[in-house]
Every structure is written in C-alpha cells, then in structure tokens.
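No experiment lies behind these values; they were computed from the predicted model shown.
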Amino acid sequence: MQVRVVAVAVAVAMGIAACGNASSGGGSGTGQTAGVSATEIRVGGLASITGPLGDQYAPIFDGAQAYFDMVNAQGGVFGRKIKLVAKLDDTTDAARNASQARALVEQHHVFAVIPVAAPIFPGGKYLGEHNIPTFGWHINPEWSSGPSLFGQDGSYIDFTGASTFYGYLGKNIGAKRVAIFAYNVSQSRDCATGAEKSFKRYGFDVAFNDLSLSFGTTSLDADVQRVKDANVDMVATCMDVTGNTLLSKTLRRAGLGNVKQFWPTGYDAQALAQFPDLYEGVYFRSGFVPFEEASLSPGLTQFLDEMKKRKPTTKISEVVLAGWIDADLFVTGLRAAGKDLTRQRVIDAINAIPDYTANQLEGPVDWRIQHTQPNPTDCDAYVQVRGGKFTPIFKQPFVCYPHASPTIPAV
C-alpha cells in the first residue's frame, strides 16, 4: 500500500515542509466513557478540508456519515445512536492538525476520533499516546503509533520494504527493463527506494531511478530521453496525478506510447474523465474490490447502494470508501465490546480480529499484528484503462500472495 500513501502526500509536501511537526504537549484524556450516554455515542473527525488538495480529503466524512446513518436507522448499537458532532479542518497545516486532534478529545469530548484524512498527521502522536480509538485513511506513518489507531486497511507502513506486487505486475505485463520516477521529498524518495528494491529482487533490470524531480516540475523531457536511450519498457512512478499525466504526455510526444506505465494513484473516475488519452493503457493497483466488480463483494454493493441513497451528490472515490470502512470497523468494535462500553474494550475487541474484510470488501487485515508488522498475505486487485474505462485484469477480485514473497507468484 505504500505507493498510494506516497502519492497523496507528496502533492503538499513542499508547502508543509516549513511547518514541521508540532509537539502534542501534555494534557490528559477525558475518560474511558467520554462521549457515551445511554442513548448516544459522540464521535468527531479531522480532515484537510481546505488547503491545496482539500477536495481529496473532505469527502471522507460523507462515507463515514452514510454508514452511521444506516446503522442509526437500524436502531444504533445496543440502542445508542452514533453522532458525528465535529468535523474539524486542519487547513493542511501540521501544527493545526496536532491542535485539532487535541481539541476533539479535550474540548469536544468525543469517545472516538473518526474519520481522519490528511496528508500530514502529527495529531496521531497525541491520539496514540492517549489511547484514543482513532480511525482514518491509512496514508501516514503515524497510523502505526500505537494499538488504538486503525487505518481502513491496516496500520503498518513500510515505505522502503520490498513489495511482491511490483514483480507480479511486471511479469504479467511482460516488462523486463524498468525506470522509476519520484519527487525529491522524503516519502516519494522512500517509495522509489522500495520500488527499486522490489524490482531488483524479482530479477528486473532497473535502468534508472530518478529521485531528483521537483514537485510541480513542468518538463520531463530529459528523463523520457533516458527512457528511450535505455530501451525501457515499463515506468513506475511515486508521483501524484499531475506528475503522472505529465509523464504520460511526454512519453507519447516522444513516440513511446508503447512503454507500459504503473501509477500509484489516480484510480478515480473524475481524473480519468479529465485525462482520458493520458490514462489509456495505464495500470493501477487497489487494496479493495474494484468498483467495476461490485457484484463480487456484498460490502462494496452495500456501500454503493447506501451512498446513492444517503449521499447522492457525493462522487465515489477511494477516500469516501475509506470513510465507510472506518465506520464499519468502529461499529464492529462497538458491537464486540458490548453494552458496557469503554474505549479500551473497543480497542481490545478490534485488535483481536484476525481477518477483517469489511464484508468481503478488501483483503483480510489481521489486527492482532497490523500495528507493528505487515499482514502475512497481500491481496491486491489490478485494473488497466482500456477504451477509456477502468478494466479489472488478472484474477478477480483479488490476487493474493505471501508478503514480500521470495519468488514471483504464479499467474
């Protein structure tokens, strides 16, 4: 999952570099039953609602709210309705992210922090230290700060480790010689390091790995010439949609439209509609059942049906789905914790789940280990843009293989 994490973060990395990570300071939590009454469970969330990419993060609230509305319409959890009492904005600022996380606990007195979606998450340190049940979009290293933090598909991130999917994808599309493109910011560089390590592990020739690209660059002509000179047949990136589409445009202009491309982000209908020609032929990877195969997943079918019913104007995207899964995991924990509700009982209940899938929506997450190490098995879905549409490829809905497998799994 680390390549997706990088892509959503690098887009604001240059703008936030000067902010640093604000200290969470002291203070204390407000108790094991804060926000809980006989009829209600109060929660609050935090997102980058405004800022350079606010439109990417704010929709997480719609996914979570739709799930809570569905549960509340069914009578809630043990007679308690879930109320989303705060939707705080960190304005894509590190210091404000930390202070708003504290505000949710110390001023709004929420039982749990849900949902969270931000390219930077220093507030995770405070929430982890105070053992607050926290649920959000798993794109930040802070999600592995402690056993009370839960991403929608796990909490462990290893940016520089080897990933089997690079080898699996490369083999299945016939690649032999690869080039890697990344920005000169830490998470993007780490992603490229992991990509190079992975390709080399599985016997691919890495022609070059450019970690020097400036965010916002307007020319990739020099690198594309290197692609041409080195007879590269596949490029993998650690960039955002802007950088990826620039690369695609430059490759096509240089007569290299046959070079295969893998992008870590951009599996998004809106982006595809904006750049249909530049998306054509590009490969993507997903940790959840592709939207195009909803019939294979009762959880995804329910998500799409409920969003249409409760949030009909919300455009479906990965972050909206993350909010839905976060809410499902939280409610799963509430139900397992029982009527005598405490924060610790919810945390313990979730951390005892060996194979959480959000009702067959994503690959199984082993919450017994997922705060400190990867799942033993990775399950990925693959799509390629064909004829202007995202088209699932390979096995459906998932290809599953041992994490960091020593060999490329069979097709």
Could you pull out the closest heavy-atom pair between [X] and [Y], with the gap in Å?
X	Y	answer
Ser198	Ser163	OG-N, 2.7 Å
Cys379	Gly363	CB-CA, 3.9 Å
Ala73	Arg310	CB-NH2, 4.1 Å
Phe390	Gly266	CZ-O, 3.6 Å
Gly167	Ile408	O-CD1, 3.6 Å
Gln56	Val319	O-CG1, 3.1 Å

Please check this pair: side chain of [X] against backbone of [Y], looking for a donor-acceptor N/O pair closer than 3.5 Å.
X	Y	result
Asn140	Ala118	yes
Lys197	Thr160	yes
Ser214	Thr217	no
Ser155	Leu149	yes
Glu196	Ile180	no
His371	Gly146	yes
Asn97	Gly123	yes
Ser188	Asn184	no
Asn244	Asp240	yes

Side chain to side chain contact (heavy atoms under 4.5 Å, CB included) between Ser405 and Tyr202, worked out: CA-CA 10 Å; Ser405 173; Tyr202 298 115; 4.3 Å; yes
Check whether any side-chain heavy atom of [X] lies under 4.5 Å from a side-chain heavy atom of [Y], and answer yes or no.
X	Y	value
Thr50	Thr92	no
Leu127	Ser145	no
Ile173	Ile393	no
Phe303	Ile316	yes
Leu341	Leu334	yes
Ile114	Leu329	no
Ile49	Phe61	yes
Gln65	Lys311	yes

Can you check side chain to side chain contact (heavy atoms under 4.5 Å, CB included) on Trp324 and Met70, steps first, answer last? CA-CA 11 Å; Trp324 173 275; Met70 177 187 72; 3.9 Å; yes
Among residues two or more places apart or on two chains, list those pairs meeting salt bridge (charged side-chain N to carboxylate O under 4.0 Å, His left out) that have a residue in residues 78-87. none
For residues 356-374, pull every pair meeting salt bridge (charged side-chain N to carboxylate O under 4.0 Å, His left out), keeping only residues two or more places apart or in separate chains. Asp366-Arg368
Measuring from [X]:[atom1] to [Y]:[atom2], what's the distance to the nearest 0.5 Å?
X	Y	atom1	atom2	result
Thr245	Asp277	OG1	CG	12.0 Å
Asp158	His403	CG	NE2	6.5 Å
Glu318	Ile60	CD	CD1	10.0 Å
Arg343	Thr134	CZ	OG1	9.0 Å
Asn359	Gln302	CG	CD	6.5 Å
Gln261	Gln384	CD	CD	10.5 Å

Would you confirm whether the ring centroid of [Y] sits within less than 6.0 angstrom of the ring centroid of [X]?
X	Y	result
Tyr356	Trp367	no
Phe262	Phe165	yes
Phe150	His138	no
Tyr168	Phe394	yes
Phe330	Tyr67	no

Is it the case that [X] and [Y] place a side-chain donor and acceptor less than 3.5 Å from each other?
X	Y	answer
Asp380	Tyr401	yes
Asp221	Ser219	yes
Gln370	Tyr156	no
Arg189	Thr193	no
Asp89	Thr91	no
Ser48	Asp90	yes

Walk me through whether Thr377 and Asn375 qualify under side chain to side chain donor-acceptor pair (under 3.5 Å). CA-CA 5 Å; Thr377 300; Asn375 284 310; over 6 Å; no
Is Lys249 atom NZ crowded by more than 12 heavy atoms from other residues, nucleotides or ligands, each under 6.0 Å away? no
Identified side chain to side chain contact (heavy atoms under 4.5 Å, CB included) partner of Val116 from the options Trp137, Phe135, Tyr57, Phe121: Phe121
Side chain to side chain contact (heavy atoms under 4.5 Å, CB included) partner of Phe181, the single match among Leu211, Val227, Leu246: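 Of the listed residues Leu211, Val227, Leu246, the side chain to side chain contact (heavy atoms under 4.5 Å, CB included) partner of Phe181 is Val227.
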Apply side chain to side chain contact (heavy atoms under 4.5 Å, CB included) to Val105 and His130, showing your working. CA-CA 9 Å; Val105 177; His130 291 77; 5.8 Å; no
Looking at Asp348 and Arg345, does any basic side-chain N land under 4.0 Å from a carboxylate oxygen?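 Looking at Arg345 together with Asp348, the answer is no, because their closest N to O distance does not fall below 4.0 Å.
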Hey, mind stepping through Phe204 and Met234 against side chain to side chain contact (heavy atoms under 4.5 Å, CB included) and telling me if it holds? CA-CA 10 Å; Phe204 295 87; Met234 177 184 179; over 6 Å; no
Compile the donor-acceptor pairs under 3.5 Å between side chains in residues 287-300 and protein atoms, sequence neighbours left out, one pair per line.
| from | atom 1 | to | atom 2 | distance (Å) |
| --- | --- | --- | --- | --- |
| Glu292 | OE1 | Tyr267 | OH | 2.5 |
| Ser297 | OG | Gly299 | N | 3.4 |
| Ser297 | OG | Leu300 | N | 3.0 |
| Ser297 | OG | Gln360 | O | 2.7 |

